[in-house]
Every structure is written in C-alpha cells, then in structure tokens.
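Down below is the structure, laid out as structure tokens.
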Amino acid sequence: MDAKEDPAVWNAWYAIGAPQDIRRQNRRQTRLLDRTIDLTIHRTWISAECDGRPLPVTERLGYVWTTLGRPENPPQQLLEYYEVDRVVMNIWSTPLKCSGLRIVDNVIDNAHFPFVHPGILGDREHLDLVTSRPEVDADGTLWSRSQKAWLPITQAAQDYTYRIQDPFSVILYIHNEGEPRRYNFLGIFAQPTSEESFIAHKMLAWVHEDWMEPNQLRSDQQWISVQDKYVLERHNPKKLPLNDLEHSVSIDVASKAYRQWLLDLDVRYGAIR
Amino acid sequence: MTADTQTYPVALERDIRPLSLVRSRLEGMDLVIWRSTSGAIHVWEDCCPHRSVRLSAGRNLGDCLEGIYHGWRFDEDGKVASVPAEGGEARPSIRVRVLASEVRHGVVWASTGKKVAAPDGFGGNLCRPIHVSAPAERVRIRFGDFPDLQLIATPWGHDECFIYGASGNTAFDARSTNARLTDLVRRVEAGRP
Amino acid sequence: MIKLYDYALSGNCFKVHLLLRWLGLEYERELVDFYPGFEHRSEAFLRINPLGQLPVIEDDGEIIRDAQAILVHLAANYDKTGKWYPLDDRSLLGRIQQWLAFADGLTGTISAARLHDAMFFDLDVDKARAGAVRLLRVLDEHLWFAEQDGQDWICTGSAPTIADIACFPYVALAEEGGVDMAPYPAIQRWVDRFMRLDGFQPMAGMMPLEMPAEAAE
C-alpha cells in the first residue's frame, strides 16, 4: 500500500542516518516509505529532498530526522541524552528484511531473552517475568513501565521501561541500580524503506562508569541486535499482524498493548489487518 | 508420474535424522520436517503460531520441537505442550499446521490437501534430490530423456522445484545419475534445449 | 600471548576464535570498529595489514593476515592432536587446501552479499548471490556423497579439519546475505554436526542455543 494513505505513518518523523556515517560514506540517497530521499551534505548540516521537494530535517539523539508528511510535533526528544556525564553513541544503522513494526514488537518483549540472548539478557533458570499494565499518556505515547527480567551478569532482576511515541520507534529506559531516578537509554528507530524492510538505527546513552569502553559497548550492542536479527528475518509473514493470525498468551502484555495501540492509530502500512 | 497429483516428495526418509530439523517447501509453503524419538516423521508448516517465526530456526529435542523465539514446545501432534514464560504450561488449543504425510519407498511424501497418497511403484535406488531454479513444468517436459529413472519434480514455488528420482535398475550408479540430472538442471536453468 | 585483531560480527574472525578455543590457547582481542567505523581502513590498521582486512593475529612478534592462513599457522604450530591439519598425511593437505580456497570463495560471495545487505557495502549483490549459489551447490553435492561414504566432514577422516572451520561460518550466516539455504539439506546436516562439536559456541546470527546431543544411533 502507499504510505500516504496511512496518516499515522506518513506524518511521523523518521531517523534516516547518523550525520558522521552519512558524511563518511558520502551517502547521497536513502529510501523511506517506498520513496527515494536525496541527501545533500552541507558544511554544517544535511538536507533532504523527495522528488525535488525539500523536506524538514533536524538532528537529535545522534541521528538526522526527516518527514514526508506534516507531523504535529517535532521529533521525539530525550533530554537526558545531552547530560554531560553520559557515554552516547550511534551503535549502527543496519537494514533488516521485515516490517519495522516487528522490531518494536521484539524490543518490548522480554520473554525471548533466555532463548535469543542466553546468558546475556536472560537465562532459562530464571524465566519469571514481571509485566505491567501499559498505558497511553495524554500525548498519545504508549508506555510500558517496570517490566522485569532476570539479568545474568548482575544475578538480579533488571527493570525496563519502554516508551513508544511513533509506530516505528521505541526508547528503552534501563533502570540504573546505582542511581535511582536515572536510567541508561537505548533508542531503536526504524526507518521503513518498504512495508517489509527497514533500516534499524540504534542509539545508546548510558551514565558513564569507569569500566565502560566504547568499542566494547558498541560491539556488545551490535551482537545483541544480530541475535535478534536471527529471529526478525525468519518471520513469515514479514508484516506485523494486527488481527488474530498470531496467538498471544497472557505474558504478552506489552506486545498486545502495542498492537492495540497501532490499531487505534489505524496503522496499516507494514501491518496485516 | 502424473503432474496433477497433489502428493509430492518433500525429503528422503533417511535424511530426516534424529534431533535435527529439515526444511523443505511445497507449492509456496515452507515446511519443517522432523523425526521424533518415537520414530515418527512429522511434516508441518514452517511457521510458529505465536509470532510466525520459522519453526526450523528452533530445535528438535526428541519428544518435541522447540521454537527459538520464546522456547515454546510443540508435541508430536503439533500442539503447544509448554510455554516457558508461563511456568511451562501447555496450551493445547494453539497448534501448528500439520500436513498430511506418509513415508513410502524411502521417501517422505506430503500434500497440502486433506489426504496424502504416495504413488505405487516409485522406489529402488534413490537419486540425490536436486534443487532447480525453474518452474516444475519446465523440468518435467525433459523427464522423457531419462527412461531409466522415475522422476518427480516437486513444485516448491512459481520458479523453483526439487527433483526426486528413483531407479529399480541394479546397475544404478548414484554419481553418474547425479551428473546427468545436474546437467539437466543446468540446461533448464539456462533456458537451453 | 597471541593477539587477535577482531570484529565480533566477522565470520572470518569467528574461524580464528573457534580454533583458538579448540586448541586451548589464551589470546587477547584488539577490537577493531569494522562498522560503522571502517577502522580496518584506517592508516593505523593498514600499517598492520596493508590489505585492510580482518582477522590478523600477532604471534610472538610475527603478524599473520588472512583467516585461512591463520588457521594453518595455529593448527601447524599448536595442535598437539595433529587432527586439524594433519601434517603427516600429505595426501590430505592438497585437498584441505582446495577447500580453504573454496572457503575464500565463500567469503567473496556470501560475505560480500552479507556486507551489502547488512552494512550498505556497495557491490553487485546479485552477482555475489549467484556466485554463492554456485558454490553452495558444489558443497551440498560434495557433502551428500561424503555422507553416502560414511563421512561426516568435508575431507575424509573421522575428525573435522580446518577445512570445516574455514567453510562453516559464512555457510551458517548465508541467510543474512539473502541467500536461501533451504535447497541444501546436506549442508544443513553438516552444519548441525559442526554445531554439536564439543566446545562449539555460536556467534550472533547463528542458532544461539546448544544443539541437542546426538542420540545413540
């Protein structure tokens, strides 16, 4: 389908690349919602056009953002990203062969940790998960707070909160044991190139600790993403079903809430109804 | 072999090893084939009912097939025997799509229809199954070149099929037969006569 | 201590990890930001390997590049069992070399497709995938007939050699390059056998859980 027929999708902001990656690779084009986006690299900024039409652009959270439609608000923000005592980095931008909606559905699910990320994000001996009642706030943002899953390296329950402001993006708030009220953040911003393919842009913004080595952090996060890719690229259908094609169980609270939220927004691009 | 039968070979029986998962395809449907500890061979649609991830990406644990995404376990009948995140409880109302299948002449036969009916008289020495990037019809019209072999082209999709062959000939030589069939594949794929 | 210039998602680096672990060798990793940093093309790295490729090892002051060459170096110098690269079986060495060269072909086809699909590498991906299909068909046929002869591995013998290590990673990761692996059931059986080897640990992109132990036949 043409994404223009899907207002929630058409009128959203999308990350389309990291400025330093675009410059380093001299990237002149990308794809968004089945359209070609032409990029021009200026001295201090990067501009975008579609069929000669200039598009609004802005840079935040490590990425260049643009839109084909008319969003009501600027792109999502995370002020903590700019705190001076944080390690922030672009983990990478990588294409994946399934609907971008499926990665959001994957990120907010903790039940796959012991199987897809064994020994890293979960293990089979500690399968008890704590879910919460997701809610949509006054701005229409979907929140799923304080989901808990066992984290092998700390041998304790890790607390996660998920913020979904647009159909194709999610920010994780990883509750930080050492400093309550502060979180480590991961952002996954999907750039849908077609209904069944997207580019995953991943961002990290963690409170600095002495043991952190940027190359190692980046490597660890890429590793986790590729473990998820083993599953993401083996879905059939590639689009996210919003009907009853897939059978959820009661633990799938976050996934069910996300799919219902998409239905309420009348999202159809990249989905099956 | 008639082309309008809905029953086709999907694997050689001996290639379905214990504790392994085998992928195949039939008329556009991805299949997963596995042998359980009871010895029975199961042919299922390669699609987990939970989140539609290929079951073949998981593991054959002997008495069940375990999906990779959430570790759901499916018993021999294709029903959900365990959901780990829910204390290992069963959900027997959730099941995979099981295909009608049977093992005959050393071949696993399956049908996307209601019944499976393996043809009589296919058997003897089995050829190495070969994939072809061409429609089954284009392959079948060449089968006359091999009067010594019984050949079936299983339609995998619009543009691909799998050749299964058998010979009752005692002088059968697997390697030279394979070479002849590989030549056929090359010619068909190149669109050559 | 051996130093390995490493990128965690490189199949070629994974070959070296596998053999280092199987040989029980200690080593340190020097992480190279292959993507998105392209650190392997930096001047500093080109001084280490002018070809700008990973993996590279430094062993006792000597620098060795190329995954297959590193496998030969490690097996020849450190394998007390003599099974990974049987120096005393001269009839086997040529055949192992044949498959090491084949593995290089897998890098040039499957890995190229994978880099195109996952990291925006600009190359002819259709050609890469077609090349991969050609090689995978050869490998599938070879393994099918090897199985008929009661052989489990690429080269004759009761144990895997570095030929198996060299061919394994990109075959296992082929789908990341848009190469359909369903047509090659004999390859999949070999992959299963390889993953069941004692001490095998997968890299990201491979089945993350332990393969169930082989039942007594």
Side-chain angles (χ1 to χ4, degrees), chain B residues 10-12 14-26 30-37 39 46 54 56-69 71 108 125-133 156-157 159-163 173-175 177-179 181-182 185-186 189, chain C residues 126-127 129-153 171-176 178-197 200 202-217:
Chain B
V10 289
L12 297 188
R14 65 180 186 238
D15 289 342
I16 314 299
R17 307 269 174 106
L19 303 177
S20 289
L21 296 172
V22 175
R23 294 177 64 194
S24 190
R25 217 163 264 156
L26 180 56
D30 286 340
L31 305 178
V32 61
I33 307 172
W34 64 290
R35 187 192 295 268
S36 48
T37 36
D46 194 2
R54 277 194 238 142
S56 58
R59 305 190 293 173
N60 175 351
L61 298 181
D63 57 352
C64 65
L65 190 160
E66 185 192 69
I68 186 54
Y69 202 178
V108 181
N125 303 290
L126 294 169
C127 306
R128 176 184 155 249
I130 304 182
H131 180 261
V132 192
S133 296
W156 267 33
D159 293 312
E160 59 172 344
C161 64
F162 231 87
I163 300 177
D173 175 63
R175 277 189 196 268
T177 306
N178 181 68
L181 289 172
T182 307
V185 172
R186 250 192 295 263
E189 287 181 352
Chain C
D126 291 328
K127 184 169 171 215
R129 289 188 191 131
V133 168
R134 249 184 78 239
L135 295 178
L136 290 167
R137 284 179 165 183
V138 167
L139 181 60
D140 190 69
E141 183 181 292
H142 173 82
L143 288 169
W144 196 90
F145 283 104
E147 279 177 339
Q148 299 302 301
D149 293 337
Q151 297 290 317
D152 284 343
W153 308 109
V171 165
L173 297 169
E175 301 240 337
E176 289 187 6
V179 177
D180 179 19
M181 288 304 289
Y184 316 110
I187 292 183
Q188 190 55 54
R189 289 192 293 278
W190 168 78
V191 164
D192 286 354
R193 289 194 290 275
F194 193 89
M195 293 183 72
R196 286 203 179 95
L197 288 169
F200 174 85
M203 62 178 272
M206 300 174 183
M207 150 54 95
L209 300 172
E210 236 177 70
M211 291 295 282
E214 192 80 83
E217 302 263 19

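This one's a predicted model, so the numbers in the text were calculated from it and none came from an experiment. Just so we're on the same page: letters track the sequence lines, and every chain starts at 1.
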Which atoms of [X] come close to chain C, meaning under 4.5 Å heavy atom to heavy atom: side chain ones, backbone ones, both, or neither?
X        : value
B/Arg186 : neither
B/Val185 : side chain
B/Ala11  : neither

So do [Y] and [X] actually touch side chain to side chain, heavy atoms under 4.5 Å?
X        : Y        : result
B/Thr182 : C/Arg137 : no
B/Arg25  : C/Asp180 : yes
C/Arg189 : B/Arg17  : yes
C/Arg196 : B/Leu19  : yes
C/Trp144 : B/Asn178 : no
B/His131 : C/Val133 : no

Check your understanding: Can a salt bridge be assigned to the pair B/Arg14 and C/Glu147 using a cut-off of 4.0 Å between side-chain N and carboxylate O?
Key ->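 Judged by the 4.0 Å cut-off on N to carboxylate O distance, B/Arg14 and C/Glu147 do not form a salt bridge.
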Point to revise | C/Pro185 versus chain B, the contacting section by heavy-atom distance below 4.5 Å | key: side chain
Check your understanding: With a 4.5 angstrom heavy-atom cut-off, which part of C/Gln148 approaches chain B: side chain, backbone, both or neither?
Key ->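 Side chain only.
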**Study point:** Greatest number of heavy atom pairs closer than 4.5 Å to chain C - which of B/Asp15, B/Asp46, B/Thr37, B/Asp30
**Key:**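 The candidate making the most pairs under 4.5 Å is B/Asp15.
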Check your understanding: Taking every heavy-atom pair that is under 4.5 Å apart, which of B/Glu66, B/Arg175, B/Glu160 has the most such pairs with chain C?
Key ->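 If we count pairs closer than 4.5 Å to chain C, B/Arg175 comes out on top.
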Exercise for review: Answer yes or no: is there a donor N or O on one side and an acceptor on the other, between the side chain of B/Arg59 and the main chain of C/Glu210, under 3.5 Å?
Suggested key: yes
